Every structure is written in C-alpha cells, then in structure tokens.
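One structure is given below, encoded as structure tokens.
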Amino acid sequence: MSEVSKYIEEHREDFVNQLVELLKFPSISADPAYKQDINNCAEHVGSKLDSMGLKTEIVQTDGNPIVYA
C-alpha cells in the first residue's frame, strides 16, 4: 500500500467527520434567507485552511463570499 493510501485509510474517520461537519451548514446559495449560513460556512472553511497552515482570506462579493487560500 502506498504511503498516501495508508494515510487516507488511517485518517478516513476524521475525513468523513470533517465532511459531515461541513455538510451541516444550510448554505443554499440561491436563497437569500441562507446568507448568514453561507457566511458561517465560509468562516468555517477559512479556519480549517488556516489550521493547515495556509494564509486565507474571505472576500465578500455582491453575491456570496469567496474563500481564498
């Protein structure tokens, strides 16, 4: 088994948990009622990327925010 495959297998549960956490955000971008949820989701993604050591920026637009890392 390659090192990458081994790493993925060893951390599978963490990856699934992180995905589930992200999917819990009711971020329906076409519905303005979810604007705050979309912003919260962008903040969440930004903090995850920050924790990986990436420099991130959340850019507000006329529509939805962009997470740039």
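All values reported here derive from a predicted model rather than from experimental measurement.
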Selection residues 15-33 - residue pairs positive for side chain to side chain donor-acceptor pair (under 3.5 Å), sequence neighbours left out
none
Taken in chain and number order and not counting sequence neighbours, the residues that satisfy side chain to side chain donor-acceptor pair (under 3.5 Å) with Gln36 are Asn40
How would you list, by chain and number, every residue that makes a ring pair (Phe, Tyr, Trp, His ring centres under 6.0 Å) with Tyr34, sequence neighbours excluded?
none
ring-ring contact (aromatic ring centres under 6.0 Å, His included): pairs with one or both residues in residues 6-28, sequence neighbours excluded:
Tyr7-His11, Phe25-His44
May I have the list of side-chain donor-acceptor pairs in residues 56-69 shorter than 3.5 Å, sequence neighbours left out?
unit_1: Thr56; atom_1: OG1; unit_2: Asp50; atom_2: OD1; d: 2.6
unit_1: Thr56; atom_1: OG1; unit_2: Asp50; atom_2: OD2; d: 3.3
unit_1: Thr61; atom_1: OG1; unit_2: Gly63; atom_2: N; d: 3.0
unit_1: Thr61; atom_1: OG1; unit_2: Asn64; atom_2: N; d: 3.2
unit_1: Thr61; atom_1: OG1; unit_2: Asn64; atom_2: O; d: 2.5

Let me see the working for Glu43 and Asn39 under side-chain contact (heavy atoms from CB on, under 4.5 Å), right down to the final yes or no.
CA-CA 6 Å; Glu43 290 290 334; Asn39 286 324; 5.6 Å; no
Going by salt bridge (Lys or Arg N to Asp or Glu O under 4.0 Å), name the pairs with one or both residues in residues 8-18, residues two or more places apart or in two chains.
Glu9-Arg12
List, by chain and number, the other hydrophobic cluster members for Leu23, where Ile, Leu, Val, Met, Phe, Trp and Tyr join if side-chain heavy atoms come within less than 4.5 Å, directly or indirectly.
Leu19
Sorted by chain and number, sequence neighbours left out, side-chain contact (heavy atoms from CB on, under 4.5 Å) with Ser51 holds for none
